Each structure stands twice: as C-alpha cells, then as structure tokens.
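Data block below; observations after.
Since this is a predicted model, take the numbers as computed values, not measurements. Heavy atoms only: backbone and side chains are in, while hydrogens, waters and symmetry mates are out.
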Amino acid sequence: MTDYSHLVKAYDIRGEVPAQLNAGLARKAGALFVRLTGAPRIVVARDMRDSSPELAAAFAAGANMAGADVVDAGLGSTDYLYYASGSLDLPGAMITASHNPAKDNGIKLCRAGAAPIGEDSGLGRIRSWLEADDIPVPAARPGTTTSQNLLGDYAAHLNALVPLKNNRRLTAVVDAGNGMAGHTVPAVLDGLPVDVDALYFELDGTFPHHEANPLDPKNLVDLQARVRAVGADIGLAFDGDADRCFFVDERGEPVSPSAVVGLVAARELARHPGSAVVHNVITSAAAVDIIREHGGTPVRSRVGHSFMKTAMAEHDAVFGGEHSGHYYFRDFWRADTGMLTALHVLAALGEQDGPLSELTAGYSRYAASGEINSVVADVPGTLDRVEAAYHGEGAATDRLDGLTVDLGDGRWFNLRPSNTEPLLRLNVEAPLRSAVDALRDRVLGLVRD
C-alpha cells in the first residue's frame, strides 16, 4: 500500500506536481469523489496554475468514468466554486493549491450546497481507497462533461447580498497577487462606486511579483506602498484562490482580521437580530464583545473551515469569522468568501464619511502577539506542561483546539499544534502591549525549555 498522508490532508488534497499530484491521481480522485457522494452530477472549477487545466480535465474524466456527468465551470475562485455548488445544488471540486508555491496544486472538495468535506467527512475515506488502490470500475454508462460559465451569476448574487450603488465613491487598490481575484474582482465591482487601482491582475500561476499569501506581511508591502502613493481609501489583498481577503487602511496599515470579524458581525446582526456568530479560538476577544453588544450569541469553534461550517450549521449562525482571513456567510451556503467580505467592508466604509482607520478602531480593542511558531519534540507533553503551570495558578484552561489559557483579566493565549509539522503555534492577547510581551515571553520559555 502507498502512503497518501502527504497528499490527502485534513481539508484538501494538495501536493507537488507531478511528483505527488498528477493527472493519473486526479482521475482516480474524480472517480472516488463520485463514489463518496453517490452523485449523478458534479461541478468542477479551476484556478490559473499551469497544471490546473490538465488536472481539472483528468478529475472530470475520472468522474465521467464512474458514471457522473460533470459541469465544467471553468476559471474561478474557490468561492466561485462554492457558488456553483450552492446554486446548482451539486457536489463540487476546485482545482487549486490556494497560496502554495507555483510547483504545487490541489483539489478542494465539497458536497452539494457547498457543505464541507474534511478528514472526518470524506477525505479520510478517499485516502484509504487510494492507498488500497480501490478505484471504481468503469460505469456501464459513462458520464459527459459540459461547460457552463457562471461568473456573471456569481457576481450578481454577491451584489444582491451587499448593494453598494448608493454609497459614496471610493478608491480601492486591489492586489490580486496574479491569482483568481484578477478574474473575479472586475466582474463583481463593475459598475459600482469603486475606482479600482489594479495590482497584479494578470493571471499567472508562477506568481512573479510575490507569493499570493497576504497573511505574510512581506506580501502586503506593494499594496501598502500603492495605497499611500495614490491616496486610496482602502487596500484589498486576496490570496491565490481568492477565498481570503485582507485589508489595509488609508495609511497603508493592516487591518486586523479580528476587527473585520467584528465589523461584519455587527452588520449581519443588524439584518438578523439575535443570531449566532461563530468565531475560532484565536479570534480577538474584542470580536466576542462586539457580537454580544449587538445582540448576537458568540459560538466558539476549532480553527479550520470544516469545523467552522459545522458549527454554523449546528447553531444556524448568520456569520462566521477566523483570524486567518476566512469569513463564512449563511447567505452564501455557510461557505467562506473573500469577495463578499470585501463588499461588506467597502459598504461599511462607503456608508459613512470617515476614513477606514477610524471605522475599524472601534473593533480593535486589545493588543496581540500575532502567531509565533515553535518547533517542539513532544507536542502533547509540552501542552500538558504548560497547562499544569497555569492550572496551578488558578487560570481557566480548555482543550477545544490545542490549549487555551484564560487568566481572567483580559489576558489569554492559545497554543495550537500544526496538522502537518512538529510545531506549536502561539497566539497571545491582552489589554496592553506590555502585558502581551510579558505573557508571550513566559509561555515561550515554557514551550522551548
């Protein structure tokens, strides 16, 4: 048996092309996806990477071989694929490696209605079938593949959810990172009161200017400089498959994703009073405060889209947000969409006269460390040692996702293991920067001892 744990991960299939992922394997994955879902029809979309057309065609051929018809939705962002899955009520596959390097590619899967497929909801079974080379035999009636471009429908759906036509005119610098936002942003923002200053809209899977990963501060430098140079009202940065969006204000300063969670939660709660809002364990306590202040019920979740979407379904949540820049909407089949989040922030800015820095200041109330990684030999043992140290001092602890320690005076931290490496990821928050630094240093001392 071949070990596919390096390829079939917790949330998707992802690896280097062709060493780990190639057309033959994509064909098998397409057939196994049909077996998993039992669907007679599926939808497939792809990003701009050089290997994506071949992998998408192979995945579709595998699904056809297993007897399913395929709707080829063509080029799109991952949230475009979620729109296709939701609007057509079909299981879907997105060929993308998101923000990974150019040599990589991958496959994100969902059930009909954009319902997530993760390790425990199907990917584990696909991995087992691949390892056993248990591939479906060709169906008596192979399926067919037809093309259907849904980009206009996707744009219309988003604009109906967050209308901007009556807002004041804004200038927005948008950094697509040579990823799929270069394809979707023009379609969505066309005709709206937003003058777009486009950075790196050319679709290029080699990412010639910078990695398409806005979570890394070095990849925001060009956007920040451009916002300052042209005096823009806002800057937007999308990752490679455009399911995440990050923001910088008129000064070129990054806006905390937790502040975006609070801002969008307040807007959604105004439309749906009393609803639940899901946040993950590393989202700022400010977002939790704001959810409560606006009459909502905060629901805490593990990090990761499958956990967030499951919690949203269980609580019928109107919105969900992660500090990593993933934002989920009940009106969008509980799926994550960077573009709909961008429309919310643009709408909030355009509905008032102040700058973005003033607008978001009310949603940023605490100091934070950012994520700090530590390589450790014994992840479980290290978590136990840190928990014991703080439990003895009367701090509240939980293990919902890694270890969270709440010291009760606005100071808290979370230590979360990596899914793929011997790492612990530390996030610290406190009312004052000095308190963040002191708590960070103490925890790192325990972790790295």
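- Judged as a side-chain contact (heavy atoms from CB on, under 4.5 Å), and not counting sequence neighbours, the contacts of A347 are V162, L164, N167, R267, E351.
- Interatomic distance, L403 CG to D398 CG, rounded to the nearest 0.5 Å: 7.5 Å.
- Residues D316 and S275 bring no donor and acceptor atom of their side chains to less than 3.5 Å of each other.
- Counting only distance, with no hydrogens or angles, the side chain of T310 and the backbone of S306 share a donor-acceptor pair below 3.5 Å.
- With respect to E253 and R228, a salt bridge is recorded, a charged nitrogen being found less than 4.0 Å from a carboxylate O.
- Ion pairing between R399 and D384 holds under the 4.0 Å rule for side-chain N and carboxylate O.
- Residues A97 and N105 come closest through the heavy atom pair CB-CA, 3.4 Å.
- Side-chain contact between Y82 and F332 is present, with heavy atoms from C-beta onward closer than 4.5 Å.
- Nearest heavy atoms, V227 versus D249: CG1-O, 3.5 Å.
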Decide side-chain hydrogen bond (donor to acceptor under 3.5 Å, both in side chains) for T404 and R300; before the verdict, give the C-alpha distance in whole Å, the side-chain angles of both, and the deciding distance to 0.1 Å.
CA-CA 12 Å; T404 301; R300 195 159 162 263; 3.1 Å; yes
Go through L189 and L346 one step at a time and tell me if the side chain to side chain contact (heavy atoms under 4.5 Å, CB included) criterion holds.
CA-CA 11 Å; L189 296 187; L346 289 167; 4.2 Å; yes
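- Salt bridge absent: R226 and D175 never bring a charged side-chain N and a carboxylate O closer than 4.0 Å.
- Judged by distance alone, the side chain of T2 and the main-chain N or O of E131 form no donor-acceptor pair under 3.5 Å.
- Side-chain contact between R425 and N373 is present, with heavy atoms from C-beta onward closer than 4.5 Å.
- Closest heavy-atom contact between A61 and R27: CB-NH1, 3.3 Å.
- Listed by chain and number, the residues in a side-chain contact (heavy atoms from CB on, under 4.5 Å) with T145 are A60, N64, V70, D72 (sequence neighbours excluded).
- Contact between Y366 and A285 at its shortest, heavy atoms only, is CE1-C, 3.9 Å.
- Inter-residue side-chain proximity for Y80 and M339 is flagged as unmet; no heavy-atom pair is nearer than 4.5 Å.
- Atom CD of Q20 sits in a crowded spot, with more than 12 heavy atoms from other residues, nucleotides or ligands closer than 6.0 Å.
- The shortest side-chain heavy-atom distance between S284 and H323 does not fall under the 4.5 Å cut-off.
- Between T283 and V288 there is no side-chain heavy-atom pair separated by less than 4.5 Å.
- In summary, D336 and K309 engage in a salt bridge, as defined by a charged side-chain N under 4.0 Å from a carboxylate O.
- Put simply, the side chain of D241 never gets that close to the backbone of T78: no donor and acceptor are under 3.5 Å apart.
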Any chance you could lay out the side chain to side chain contact (heavy atoms under 4.5 Å, CB included) test for F238 and T184, step after step, and finish with the verdict?
CA-CA 11 Å; F238 290 87; T184 58; over 6 Å; no
Run T341 and V260 through side chain to side chain contact (heavy atoms under 4.5 Å, CB included) and show every step you take.
CA-CA 8 Å; T341 307; V260 176; 3.8 Å; yes
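- Look at R416 and E371 and you find a salt bridge, because one of the NZ, NE, NH1 or NH2 atoms lies within 4.0 Å of a carboxylate O, short of that distance.
- The aromatic rings of Y83 and H157 are tilted relative to each other, their planes meeting at an angle between 30° and 60°.
- In this structure, F319 and Y327 have parallel ring planes: the angle between them is below the 30° cut-off, well short of the 60° mark.
- Looking at P214 and L220, their side chains come closer than 4.5 Å, going by heavy atoms from C-beta outward.
- We find that K28 and D133 are joined by a salt bridge, their nearest charged nitrogen and carboxylate oxygen being less than 4.0 Å apart.
- For L446 against A389, the heavy-atom pair with the smallest separation is CD1-CB, 4.1 Å.
- Residues V278 and R334 fail the side-chain proximity criterion, which asks for heavy atoms closer than 4.5 Å.
- Looking at R14 and S98, their side chains never bring a donor and an acceptor atom within 3.5 Å of each other.
- When side chains are defined from C-beta on, V386 does not count as touching L424, because their heavy atoms never get closer than 4.5 Å.
- Between A266 and I290, the shortest heavy-atom contact is CB-CG2, 4.5 Å.
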